Protein chains: 2
Amino acid sequence: MKTDDRLDSPIAAVCREKGMKLTGQRRTIAHVLSESDDHPDVEELYRRAVAVDPRISIATVYRTVRLFEENGILRRRDFGGGRARYETTDHGDHFHLIDVDTGTVMEFDDEDLKALLAGIGARMGYEVATTRLELYGRRLKKKSRQAI
Amino acid sequence: MKTDDRLDSPIAAVCREKGMKLTGQRRTIAHVLSESDDHPDVEELYRRAVAVDPRISIATVYRTVRLFEENGILRRRDFGGGRARYETTDHGDHFHLIDVDTGTVMEFDDEDLKALLAGIGARMGYEVATTRLELYGRRLKKKSRQAI
DNA sequence: TTATTTGCAAACTCTTTGCGCTCGA
DNA sequence: TCGAGCGCAAAGAGTTTGCAAATAA
């Protein structure tokens with residue numbers, strides 16, 4: 001495929017650094033990912049990629065997403081619903097809060113929480129390697145919302 | 001199917017209370033579940049059920065497991081690996097710690113943790129309905145294990 | 001040039017479902 | 001008796017893969 005320099009992106013740069021062959025499809029997917037700050041599934045990534053360049057198949061999206069995950073560029077998430085969702089790793093470790101009414105996914109982080117989890121693990125004789133934590137909730141009415 | 005009173009179990013009793021038709025297959029699956037204190041997937045439940053009574057199909061296990069979940073007898077869990085796993089609801093709300101080397105699933109509970117999570121949700125404007133929390137870890141050497 | 005990657009379609013895994021027969025109440 | 005439930009096999013949904021053609025380096 002012909003190189004399209006307009007599709008250069010931070011993630012494409014990482015691919016180059018890691019020595020991956022930078023095909024047109026990978027460049028396109030890297031571009032789409034760099035522009036996304038949500039948690040798309042493969043189908044959605046495919047839709048966005050095709051909008052940029054129709055010469056791409058969903059099999060390639062699956063393959064690329066796995067490649068990027070293996071290279072630490074993407075993190076796979078599972079919020080239920082039977083499909084994997086992906087987020088870039090460039091904004092660190094965090095947890096998720098999912099609005100059960102709208103499906104909106106929000107990110108949060110909390111040092112006390114991390115410390116507490118590590119402590120619980122240690123007390124049980126384990127070093128915690130990874131944590132999967134998702135809160136599923138409903139928007140509070142303003143009145144009952146706690147002050148920050 | 002002929003009734004086999006040896007298969008009576010606490011879960012079968014709950015089925016009766018809830019007015020479900022207590023078929024031989026359901027009785028067998030209820031029995032198997034009452035004897036299990038781990039987190040089997042459908043395949044494993046099927047294996048255990050067939051060992052008790054071979055006249056059972058995996059479709060029935062799927063159907064029964066869903067029925068039991070809808071009736072609050074079972075809770076569906078997803079620890080990755082693409083298959084749902086089930087636990088009885090009779091031992092309350094809790095979290096899981098999974099040994100990444102052996103696959104062993106352990107349960108734990110922590111009031112401070114629950115409070116912290118509820119607080120985080122509230123601060124973000126949400127009432128937390130359900131929480132999914134799994135710690136994946138590696139056994140610590142005795143020496144570095146923290147005192148309880 | 002040539003080892004990799006891609007597109008396509010078939011295959012795979014887990015789960016659900018349509019249908020005619022069976023069985024519990 | 002008779003409607004709910006069962007077994008079977010086929011269908012779905014998401015994901016992976018074998019193979020020949022295309023392509024980046």
Side-chain angles (χ1 to χ4, degrees), chain A residues 1-5 7-8 12-13 15-32 39-47 49-50 52-71 74 76-86, chain B residues 1-5 7-8 12-13 15-32 39-47 49-50 52-71 74 76-86:
Chain A
M1 183 186 275
K2 195 174 57 176
T3 290
D4 183 346
D5 292 329
L7 295 185
D8 268 339
C15 292
R16 217 176 274 115
E17 280 166 35
K18 300 232 176 193
M20 313 181 191
K21 193 183 274 197
L22 197 48
T23 65
Q25 289 85 337
R26 287 183 187 168
R27 193 187 297 266
T28 298
I29 294 168
H31 168 79
V32 163
H39 304 77
D41 57 26
V42 168
E43 203 81 33
E44 177 60 27
L45 282 176
Y46 174 61
R47 237 174 274 130
V50 161
V52 175
D53 184 334
R55 287 182 297 174
I56 204 164
S57 78
I58 196 153
T60 296
V61 180
Y62 272 106
R63 280 191 272 236
T64 304
V65 128
R66 183 155 43 130
L67 179 75
F68 285 4
E69 191 194 358
E70 285 163 3
N71 281 274
L74 286 182
R76 185 202 304 246
R77 295 287 187 179
D78 172 10
F79 300 140
R83 43 225 296 162
R85 301 176 64 170
Y86 292 88
Chain B
M1 184 184 275
K2 196 175 54 174
T3 289
D4 184 345
D5 292 327
L7 294 184
D8 268 337
C15 291
R16 219 176 271 118
E17 280 165 35
K18 298 232 178 194
M20 312 180 191
K21 192 185 273 195
L22 198 48
T23 65
Q25 288 87 339
R26 287 184 189 166
R27 193 187 299 265
T28 298
I29 295 169
H31 167 79
V32 163
H39 304 76
D41 59 25
V42 168
E43 204 81 34
E44 178 60 27
L45 282 177
Y46 174 60
R47 237 173 277 129
V50 161
V52 175
D53 184 336
R55 287 182 298 175
I56 204 164
S57 79
I58 194 152
T60 295
V61 179
Y62 272 107
R63 279 191 272 236
T64 303
V65 128
R66 183 156 43 129
L67 179 75
F68 285 3
E69 191 193 359
E70 285 163 2
N71 282 273
L74 286 182
R76 184 202 305 247
R77 296 285 187 181
D78 171 11
F79 300 140
R83 43 223 300 161
R85 301 176 63 170
Y86 292 87

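Lettering of chains follows the sequences in order, A, B, ..., and the numbering in each one begins at 1. Since this is a predicted model, take the numbers as computed values, not measurements.
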* Asked: Could you give the CE-to-P distance, from Met20(B) to dC6(D), as a whole number of Å?
  -> 12 Å

* Asked: Between Ile29(B) (CD1) and dG5(D) (P), how many Å, whole number?
  -> 13 Å

* Answer yes when Arg27(A) and Asp8(A) have at least one side-chain N-carboxylate O distance shorter than 4.0 Å, and no when they do not. => yes

* Would you say the side chain of Glu43(B) lies within less than 4.5 Å of the side chain of Ile58(B), judging by non-hydrogen atoms? -> yes

* Structure fact -> Regarding the side chain of Arg26(A), the nearest nucleotide among dG5(D), dG18(C), dT5(C) is dT5(C)

* To do: With sequence neighbours left out, write down each residue that passes side-chain contact (heavy atoms from CB on, under 4.5 Å) with Arg76(A), or none if nothing qualifies.
  => Glu69(A), Ala84(A), Tyr86(A)

* Round to a whole Å and report the spacing from CG of Leu45(B) to C1' of dT15(C). => 14 Å

* **Whole-Å gap separating C1' (dA10(D)) and CD1 (Ile58(B))** => 16 Å

* Asked: Are Gln25(A) and dG7(C) close enough that a side-chain N or O sits under 4.0 Å from OP1 or OP2?
  -> yes

* **Rounded interatomic separation in angstrom, taking CZ from Arg27(A) and P from dT23(D)** => 14 Å

* Asked: How many Å lie between CD on Glu44(A) and P on dT15(D), as a whole number?
  -> 14 Å

* **Closest listed nucleotide, where the reference is the side chain of Arg66(A) and the choices are dT17(D), dT4(C), dC8(D)** => dT17(D)

* Choosing from dA25(D), dT15(C), dT15(D), which nucleotide comes nearest the side chain of Ala84(A)? -> dT15(D)

* **Arg55(B) side chain near Val50(B) side chain, heavy-atom distance below 4.5 Å** => no

* Close side-chain approach of Gln25(A) and Thr64(A), heavy atoms under 4.5 Å -> no

* Structure fact -> Of dT15(C), dA9(C), dT15(D), the nucleotide closest to the side chain of Ala59(A) is dA9(C)

* Does a nitrogen or oxygen in the side chain of Thr23(B) sit under 4.0 Å from OP1 or OP2 of dC6(D)? -> yes

* Structure fact -> Of Tyr62(B) and Lys21(A), the one whose closest nucleotide on DNA chain C sits nearer the 5' end is Lys21(A)

* Asked: What's the CD-P distance between Glu70(B) and dG5(D), to the nearest Å?
  -> 11 Å

* Base, sugar-phosphate, or nothing for Arg63(B), non-hydrogen atoms under 4.0 angstrom? -> base

* Ile56(A), nearest nucleotide to its side chain (from dG14(D), dG7(C), dT16(C)) -> dG7(C)

* **Spacing between Arg83(A) atom CZ and dA13(D) atom P, to the nearest angstrom** => 10 Å

